[in-house]
Amino acid sequence: MAGPVRFEVEDGIAVATIANPPVNALSAALRGALLDAVRRTEADPAIRALVIAAEGRTFIAGADISEFGKPPLPPPLPEVCAALDACPKPIVAAIHGAALGGGLEIAMACSARLVGPGAKLGLPEVKLGLLPGSGGTQRAPRLMGAAAALKLMVDGEPLGAKAAVAAGLADALVEDDLPAAAKAQAATLAVGPLPEPVSRRDAGLGPREAFEKAAAALAKRAETEPNIAACIAAVRDAYETPFAQAVAKEREAFWALIKDPRSQALRHVFFAEREAAKIPNMPEGTKPRAVGRAAVLGAGTMGGGIAMCFANAGIPVRVIETDQAALDRGMARLRGTYDASVKRGSLTEAARDARMALIEGAVGLDAASDADMIVEAVFEEMGLKKEIFGTLDRVAKPGAVLASNTSYLDIDEMAAATSRPGDVLGMHFFSPANVMKLLEVVRARHTSPDALATAVEVGRKLAKVPVVVGVCYGFVGNRMLARRTAQAERLLLEGALPEQVDAALTGFGFRMGPFAMSDLAGIDVGWRARKASGRRAPVADALAAAGRYGQKTGSGFYLYPEGARAGVPDPEMPALIARIAEAEGVQRREIAAEEILDRLVLPMVNEGARILEEGVAARAGDIDVVWLHGYNWPAWRGGPMHHADALGLAHVAARLDEFARITGDDSLKPAPLLARLAAEGRGFASLKQPG
Ligand code: 3HC
Ligand code: NAI
C-alpha cells in the first residue's frame with residue numbers, strides 16, 4: 001500500500017508500519033490509512049492479529065498540530081481509536097520511540113503495548129494549552145490509575161520505557177528486536193481470549209480518594225489554566241460517566257480549548273521555536289566547524305556563567321582573566337554557584353566535580369590559542385573589545401570562532417580589528433548565563449556561514465535556544481526592552497506609580513515588573529550607563545542620586561524594610577515623582593491600567609516592526625522566541641509580535657497613534673511596516689518566511 005502506512009501480512013499476522021516523516025504526526029492521510037489497516041484486519045479471515053509499528057525517529061508524535069484551527073478532515077482520531085478498541089482481533093503497538101499525545105492515544109486503544117529502550121510515552125497536550133482529545137483522558141487512567149494519569153497529563157512530560165512499564169502504561173520492555181517480539185505477542189494473543197479493551201478496564205482507575213487528592217493539589221493552577229481544569233474534569237468523568245459519553249465530552253472540551261487564545265499562542269510558540277532553529281540564507285551544504293575546546297575571556301558575571309554552560313555540555317573550557325586575583329574571584333564565584341546547586345539537591349557532588357574538572361583558569365590571552373571557540377565577555381567598552389579582538393587575531397588558532405558577548409556594541413567594528421572577519425560573530429547570552437535559555441547569535445557583515453552554523457550548533461549543545469539576529473544597537477531583545485524601559489519611566493512622570501506599572505505587567509503574566517526588576521538589579525547600574533552616554537531617566541536618576549539603589553540599599557522604587565525581598569510601596573513616592581514631573585514640565589493625570597499595559601508593550605511591538613523591516617530579525621516568530629526565552633514573556637501570550645497579531649494590527653496602529661498624540665513623542669507613531677500591514681488587514685505572521 002502506498003501512503004503513510006505499509007501493510008504486510010506474514011503467517012497470519014498483519015504489520016502496519018507507519019512512515020510519515022519527519023515525526024509520524026497523525027495527518028488526515030495517516031489516520032485514514034490506520035483505519036484502513038484495522039478494517040482490512042477485521043475483514044480478512046486469513047489475518048489473526050495486527051501489529052502497529054513505525055519507522056523513523058518517533059513512533060507517533062501526536063496529532064498533526066498544523067491541522068489545528070482548520071476545518072477538521074476525516075476521519076477524526078477518536079474514530080480511529082474507537083475502531084482499534086472495538087476490533088475483534090488483537091492489536092499490538094510496537095513503540096520504538098516517542099508516542100506522544102494522539103500517538104499514545106492510538107497505542108492505548110490497542111490490546112497490548114510493547115516498548116523498546118528508546119520509547120517515550122507522554123501526553124504533552126497541556127503544553128499546547130489543550131487536553132488529550134482522543135480518549136487519552138479515559139484510557140490512561142484505566143491503565144495507570146487516575147491519579148498517575150492526571151499527573152502525566154498536567155506535567156506533560158513523557159515517561160521513559162522502564163517507567164512506562166512500571167506505571168502500567170506499557171506491558172513490557174523489549175531490549176532487542178521489538179518487531180519480532182510484537183509479532184510473537186500478537187500471535188500469542190490471537191490464540192487466547194481477546195484481552196479486555198482498555199475502555200472497559202474500570203478496575204484500573206484506582207481509588208477515587210487518591211485522584212481527588214491529586215486534583216485538589218492542582219486547584220490553584222486550574223483557576224488560571226482552563227486546560228488543567230478540563231483535564232481534572234475529564235479524568236473525574238472516568239469515575240462518573242460511561243466511557244463513550246466521557247470520550248464525547250473530552251472531545252468537546254478539546255475543541256473548545258483549540259479556540260482558546262492561550263492554545264493559539266502556545267501552538268504559535270511551538271512552530272516559532274522550530275522555525276527559529278532554521279538559519280535563513282545559508283548556502284546548501286554548510287557544515288559547522290568542530291568545537292572540542294572553548295575559551296571564555298573574563299570571569300565576571302557573564303564569563304563565569306558562560307564557562308559553566310560549556311562545562312555542563314561536556315566541552316572543556318578555559319576561563320581567562322587579566323590577573324590572578326580577578327581569576328580567583330571569578331573561579332570561586334563559579335564554584336559557589338555549583339555548590340549552591342549541590343546544596344539544593346539539583347546537582348550531585350560527582351557531577352559538580354566532573355564539571356569543575358572541565359573548567360580551567362588562566363591569565364593572559366595566549367591561553368586561548370588552542371580553543372576552537374572563544375567567547376569574549378570583558379567590560380562593555382569598544383576600545384577594550386577591539387584591542388582584544390586584535391590580540392585574538394594573533395593568538396587564536398586558524399578557524400577558531402571568535403565571539404563577543406557584548407550587549408549593545410557593534411560586532412562589525414570588532415571584526416574589523418582582525419584579519420579574519422569571517423570568523424567573528426556575536427554570542428549574546430542572557431543573565432544568569434547558566435540559566436537563561438536564549439542565545440542571540442549575531443551575524444555580522446562578514447560572518448561566514450560555517451562560523452554562524454557553528455555558533456548555532458554549539459548554542460544548541462549548550463542547551464540554549466539560539467536565534468540568529470543582525471547587528472544593531474542592543475540587537476533584538478535589548479533594543480525592544482529599551483522602548484519598554486523608556487515608557488515605564490515616562491508613565492511615572494505622567495501620573496502612574498511604580499506599583500501600578502509593575503502590576504500591569506505581572507497581571508499580563510510576567511513574573512516581575514520593570515521597577516521591581518530595577519530594584520533587584522540595582523538602579524545604579526543603569527544610572528552609571530546613562531551618565532556615561534548622556535541619557536536621562538529623571539525618576540530613576542533622582543533615586544540613584546539619593547543613594548536609593550534598590551534592594552541592596554533597602555530602598556529604591558520600593559522600600560525594603562529590614563532586608564525584605566519583596567518591596568512595599570513608599571508613601572513618599574507620589575510626592576517625589578510629582579516634584580520631578582513638575583520640574584520636567586509634565587502634567588500628571590490618572591492613567592488607566594489598560595493604557596499602562598499598552599504603553600509598555602505596544603512600543604516594543606513597534607520596535608519589533610522596525611527590526612523586521614531592517615532584517616535584523618528574519619521572522620516575527622524569532623522576535624517572539626527572543627522574548628520568551630530571554631525575558632520570560634509568558635508563553636501563553638505567544639510573544640510580543642503574536643500578541644500584536646492577536647489584538648489586530650489595525651488596533652495596535654491606532655493605539656500607537658493615540659500614544660504619539662498624548663505624549664507628543666513621534667517615535668511612538670506606527671513604524672512603516674506596522675502601518676502597512678494594519679492598512680492591508682494583515683498580521684506579522686503573514687509575512688513571507690525567508691529561505
Ligand atoms: N504535528 C505537526 N508537526 C510536528 C509535530 C506534530 N505533532 N511534531 C513535530 N512536528 C514537526 C516540527 O514542526 C518539525 O517540523 P520542521 O522540520 O518543518 O520544523 C519537525 O516535525 C521535527 O520536529 P522537532 O524539531 O521538534 O524534532 P525533534 O526530533 O527535536 O522532536 C518530538 C520530536 C519530540 C516528537 C517533538 O517534535 C515534539 O515534542 N512534538 C510535539 C509532540 C506533541 O505535542 N504532541 C501532541 C500533539 S496534540 C495531540 O496529539 C492531540 C490529541 O490528543 C488529539
Ligand atoms: P563583569 O564586569 O562582571 O566582568 C567582566 C570581567 O572581564 C571582569 O572580571 C574583568 O576582570 C574581565 N576583563 C577585563 N578585561 C579583560 C581582559 N583584557 N582579558 C580578560 N578579562 C578581562 O561584566 P559582565 O557583566 O560579565 O559583562 C561582560 C560582557 O557581557 C559585557 O560586554 C556585557 O555588556 C555583556 N553582557 C552582560 C550581561 C549582564 O547582565 N551582566 C548580559 C549580557 C551580556
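Indexing begins at 1, ligand by ligand and atom by atom, following the structure's order. We count residues from 1, following the sequence as given.
In terms of N/O distances under 3.5 Å, ligand 1 is not approached by P124. The distance criterion of under 3.5 Å between nitrogen or oxygen atoms is met by V378 with respect to ligand 2.
At a threshold of 4.5 Å between non-hydrogen side-chain atoms, the residues F429 and L462 count as touching.
Under a 4.0 Å criterion applied to the non-hydrogen atoms of I320, ligand 2 contributes the atoms 20 (C), 21 (N). Remark: ligand 2 atoms within the under-4.0 Å shell around heavy atoms of T301 are 3 (O), 25 (O), 26 (O). Using a 4.0 Å cut-off to heavy atoms of I388, the atoms of ligand 2 that qualify are 17 (C), 18 (N). Annotation for ligand 2: atoms under 4.0 Å from non-hydrogen atoms of S407 are 33 (C), 34 (O), 35 (C), 36 (N), 37 (C), 43 (C), 44 (C). With ligand atoms numbered from 1 in the order given, ligand 2 contributes 32 (O) to contacts under 4.0 Å with heavy atoms of T406. Near L384, meaning under 4.0 Å from one of its heavy atoms, ligand 2 places the atoms 15 (N).
By the criterion of a heavy-atom distance under 4.0 Å, the side chain of H428, and not its backbone, is placed next to ligand 2. Under 4.0 angstrom from ligand 2, the non-hydrogen atoms of F429 all belong to its backbone. Contacts with ligand 2 closer than 4.0 Å are made by side-chain heavy atoms of K385 only, the backbone lying farther away.
There is no protein heavy atom less than 4.0 angstrom from atom 31 (O) of ligand 1. At least one protein heavy atom sits closer than 4.0 Å to atom 27 (O) of ligand 1. At least one protein heavy atom sits closer than 4.0 Å to atom 15 (N) of ligand 2. Counting protein heavy atoms under 4.0 angstrom from atom 52 (C) of ligand 1 gives one or more.
Of all protein heavy atoms, the one lying nearest to atom 11 (O) of ligand 2 is E321 OE1, 2.7 Å. From the protein, the heavy atom lying nearest to atom 40 (O) of ligand 2 is S431 CB, 3.3 Å. In terms of protein heavy-atom proximity, atom 4 (O) of ligand 2 is nearest to G300 CA, 3.2 Å. For atom 16 (P) of ligand 1, the closest non-hydrogen atom of the protein is K278 NZ, 3.4 Å. Summary of contacts: the protein heavy atom closest to atom 19 (N) of ligand 2 is T322 CG2, 3.7 Å. Closest to atom 30 (O) of ligand 2 among all protein heavy atoms lies N405 ND2, 2.9 Å. The closest protein non-hydrogen atom to atom 2 (O) of ligand 2 is F379 CE2, 3.3 Å.
Ionic pairing of E440 and R479 is not present here: no N-O contact between side-chain nitrogen and carboxylate oxygen is shorter than 4.0 angstrom. A salt bridge links K386 with E413; the closest basic N to acidic carboxylate O contact falls under 4.0 Å. Salt-bridge annotation for D64 and R31: absent, with no side-chain N of the basic residue lying under 4.0 Å from a carboxylate O of the acidic one.
For atom 26 (O) of ligand 2, the nearest non-hydrogen atom from the set E387, E376, M302, R329 belongs to M302. Comparing P22, P76, G156, G62 by heavy-atom distance to atom 20 (C) of ligand 1, the nearest is P22. Evaluated by nearest non-hydrogen atom to atom 39 (O) of ligand 1, the leading choice among T137, L266, L100, V126 is L100. Of all the listed residues (E275, R274, E67), R274 holds the heavy atom that lies closest to atom 13 (O) of ligand 1. Of the options A61, G56, G101, G103, the smallest heavy-atom separation from atom 45 (N) of ligand 1 is shown by A61.
The side-chain tip of K259 does not point at the ring of W255 from less than 6.0 angstrom away and within 45° of straight on. Both tests hold for R484 against F510: distance to the six-membered ring centre under 6.0 Å, angle to the ring axis within 45°. For the pair R267 and F271, the cation does not sit on the ring face, since its NZ or CZ is not both under 6.0 Å from the ring centre and inside 45° of the axis.
Taking the ring centroids of Y631 and F430, they lie under the 6.0 Å cut-off.
Look at S134 and you'll find a heavy atom under 4.0 Å from some atom of ligand 1. Within the structure, the closest approach of G330 to ligand 2 does not fall below 4.0 Å when heavy atoms are considered.
Counted within 6.0 Å of NZ on K151, heavy atoms from surrounding residues, nucleotides or ligands total 12 or fewer; the atom is thus considered open.
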